[in-house]
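By convention in this document, chain letters (A, B, ...) are assigned in the order of the sequence lines, proteins followed by strands, and residues within each chain are numbered from 1.
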Number of protein chains: 2
Amino acid sequence: MSLQHTLNAIGPLDQKAMAAARARQDTLTKPPGSLGRLEELSVQLAGIQGKEKPQIRHKAVFTLAADHGVAAEGVSAYPQAVTAQMVLNFLRGGAAINVLARQVGARVIVADLGVASPLPQHPQLRSHPVAPGSADLAHGPAMSREQALAAIETGIRLVEGELPQGLDAVATGDMGIANTTPSAAIAAAITGLPVARLAGRGTGIDEARLAHKIAVIEQALAINRPNPADALGVLSKVGGFEIGGLAGVMLAGAAHRLPVVIDGFISGAAALIAAGLCPQAKDYFIASHVSVEPGHRLMLEHLGLKPLMNLDLRLGEGTGAALAFTFVEAAARILSEMATFAEAGVSEAGPNPE
Amino acid sequence: MSLQHTLNAIGPLDQKAMAAARARQDTLTKPPGSLGRLEELSVQLAGIQGKEKPQIRHKAVFTLAADHGVAAEGVSAYPQAVTAQMVLNFLRGGAAINVLARQVGARVIVADLGVASPLPQHPQLRSHPVAPGSADLAHGPAMSREQALAAIETGIRLVEGELPQGLDAVATGDMGIANTTPSAAIAAAITGLPVARLAGRGTGIDEARLAHKIAVIEQALAINRPNPADALGVLSKVGGFEIGGLAGVMLAGAAHRLPVVIDGFISGAAALIAAGLCPQAKDYFIASHVSVEPGHRLMLEHLGLKPLMNLDLRLGEGTGAALAFTFVEAAARILSEMATFAEAGVSEAGPNPE
């Protein structure tokens, strides 16, 4: 679907299914509410799927890669060639996301949205580069508005391409050297918070390089003047191709009534773009974890999302989101597989004494 | 093994294996430290198993049940009969712990350490009651010192009985109406903190019943005067049979060099007993989550353990611990399955610029 069709297809959660799931939780053999956030999550899943007993079987992590012209400013600890090298590592199954996806029984969809170095053809690589890396946002727009739209629609098509194989939940992941820089710029543009609170050490830069990174982002915002009310404009001026692609994955997930499990800082920037294009899409989002990157917590607050985990992760690739699939699947199974008080012949709580 | 033999068998973590695992983490294709607590956990697992690449395949949740004489004081929202009813629910696979254990591929070991209501014979029920419920700790010791020892040694034997089927990690869980009362009493006795900070609403009692519960625990401590330096004495005076059994599971786990994944408030009380008997056992403990029960955080602080999750759980049974097996298994797999920079041909971080 086009972006416009996708946005039009995003509807509200099914309140009737949510009420049924909530009522069912209170009949299951446990003190009401005692499964905490798993119960909330189960109700959200019911609303997304429109069923009292949602089912999560087929799970996919979308790990989208692209390069960033701003890497030339020396904002990362790693050379740009690592983006392509890591894509090959994903395809060979040796990266952290491969290990964690195997652990939770999810498939990994690896896509090139705009990697600068040449990549070989590979049967598992979805090759949809918008351009060989974005332009340097410190000196002008990272991409054209048309390219921003193309990146988002590529993400939409990636999700739709997975539907025939079965898809009950999507997770988002990223690879792109220097991509915490556009992500912090997007967060600053949309939340209005100071860059110094949003930019962090990424893969591990020192104090001096962090100060330089902040200055680069401030310069990018001063030159490009993104309008926070125009999410597509923000993406084109200070974003990146994989960030646009991930926003498309999120919007397509919401349009197809799939839970969208969001990873860390870069996925958070994509979620800001997606929610800017369609606030209702947020109802489909599940924040997997809060990253070490200090701006991530602020992004999640702006989105009104509460992370499920805090494991001090700062890797990206979809690693936190993949782990959170365990909670998503467990929450759904509780509604289907737990016995009710009546079925199990278990006594319910008595009234509190007078 | 006897308790004394088990305590004697608990040794330090393997520092050489931990150093090797730590060094290996820094060669894997990710920024050093970027997997946060999963990296720390992998190093702990290496120290426990004495291997650079620990393996976690066979996982068991030990869900131990018993009744408590103090239930007669009206400290719980549920009637005592629920303990036995829930044991039957565990055996039929309809409880939350069954669902979550299936989700993570763990088996559930259900044991009767002292349920008051009669239970039928069942091939999956480990029937080792110390007595049909503990005595009411508000009026005297909950059990004799011999019974406390018997409960602990039952837990030890349960773990040892599972070794032949393969066992790489254990988790602890509990069922026992009113058992947050002895757990809070144990925590007060061992930490010296006020009862009002440690006792909570358990399965969901109101303000008036909570005040009564606090008064009951204070009375129990005043009458029994447990000595914090004598953990077996604390267990016998204000504990419960399943709590003793869980302390035994934890000590046997440490003695057999298995990671011990600890559930919520009742398991936390058992961990205080186990650590009181052998402080070194704590090196083998992994705190899965922090419970809604307010005393749980204080227990974990006293033990020096940092929980992996905060999902607002307050169910027990081993539910939080079962979910955390996912992290334990993932942490181990990262060391075995991720490619190194050299293997994958990925460039490492450059120096920070001068």
For chain B, find which of A/Val292, A/Leu311, A/Thr29, A/Val104 contributes the most heavy-atom pairs closer than 4.5 angstrom. A/Leu311
Looking at every non-hydrogen atom in both residues, tell me the closest pair between B/Val99 and A/Arg333 and how far apart they are. CG1-CB, 3.7 Å
Would you mind checking which part of A/Leu100 comes under 4.5 Å of any heavy atom in chain B, side chain (CB onward), backbone (N, CA, C, O), both or neither? side chain
Pairwise side-chain contact, B/Ser34 with A/Leu313, heavy-atom cut-off 4.5 Å (strictly under): no
Within 6.0 angstrom of A/Arg201 CZ, more than 12 heavy atoms from elsewhere: yes
Check the angle between the aromatic planes of A/Phe327 and B/Phe327 and answer parallel, tilted or perpendicular using the 30° and 60° thresholds. perpendicular
Regarding B/Glu337 and A/Arg102, does a basic nitrogen lie under 4.0 Å from an acidic carboxylate oxygen? yes
Counting only non-hydrogen atoms closer than 4.5 Å, does B/Arg92 touch chain A with its backbone (N, CA, C, O), its side chain (CB onward), both, or neither? side chain
Could you tell me which of B/Glu317, B/Glu348, B/Arg314 has the largest number of non-hydrogen atom pairs under 4.5 Å with chain A? B/Arg314
Option in B/Ala330, B/Ser336, B/Ala95 with maximal non-hydrogen atom pairs under 4.5 Å from chain A: B/Ala330
Heavy-atom pairs under 4.5 Å with chain B, option from A/His212, A/Glu329, A/Lys30, A/Lys306 with the top count: A/Glu329
Given that the side chain runs from C-beta out, which part of A/Phe90 has a heavy atom under 4.5 Å from chain B: side chain, backbone, both or neither? neither
Calculate, to the nearest 0.5 Å, the distance between atoms CG and CD1 belonging to B/Asn98 and A/Ile334 respectively. 11.5 Å
Of all of A/Thr203, A/Val82, A/Thr326, which one pairs up most often with chain B through heavy atoms under 4.5 Å apart? A/Thr326
Take B/Leu38 and A/Thr319 through the side-chain contact (heavy atoms from CB on, under 4.5 Å) test and state the conclusion after the steps. CA-CA 11 Å; B/Leu38 292 181; A/Thr319 45; over 6 Å; no
Just how far is it from atom CZ of B/Phe325 to atom CD of A/Gln103, taken to the nearest 0.5 Å? 12.0 Å
Heavy-atom contact with chain A under 4.5 Å, split by part of B/Glu39: neither
Portion of A/Met309 that has a non-hydrogen atom of chain B nearer than 4.5 angstrom: side chain
Among B/Gly36, B/Ser291, B/Gly320, B/Ala84, single out the residue with the greatest number of heavy-atom pairs under 4.5 Å to chain A. B/Gly36
Closest approach of B/Arg37 to A/Asp312 (non-hydrogen atoms, all atoms of both residues): CG-OD2, 3.7 Å
Using non-hydrogen atoms and a 4.5 Å limit, figure out which bit of B/Asn89 sits close to chain A: side chain, backbone, both or neither. side chain
At a 4.5 Å cut-off on heavy atoms, which part of B/Pro307 comes close to chain A: side chain, backbone, both, or neither? neither
Of the listed A/Ala339, A/Ala81, A/Ser347, A/Gly316, the one with the largest count of heavy-atom pairs under 4.5 Å with chain B is A/Ser347
What are the two closest non-hydrogen atoms of A/Tyr78 and B/Ala349, and how far apart are they? CE2-N, 3.2 Å
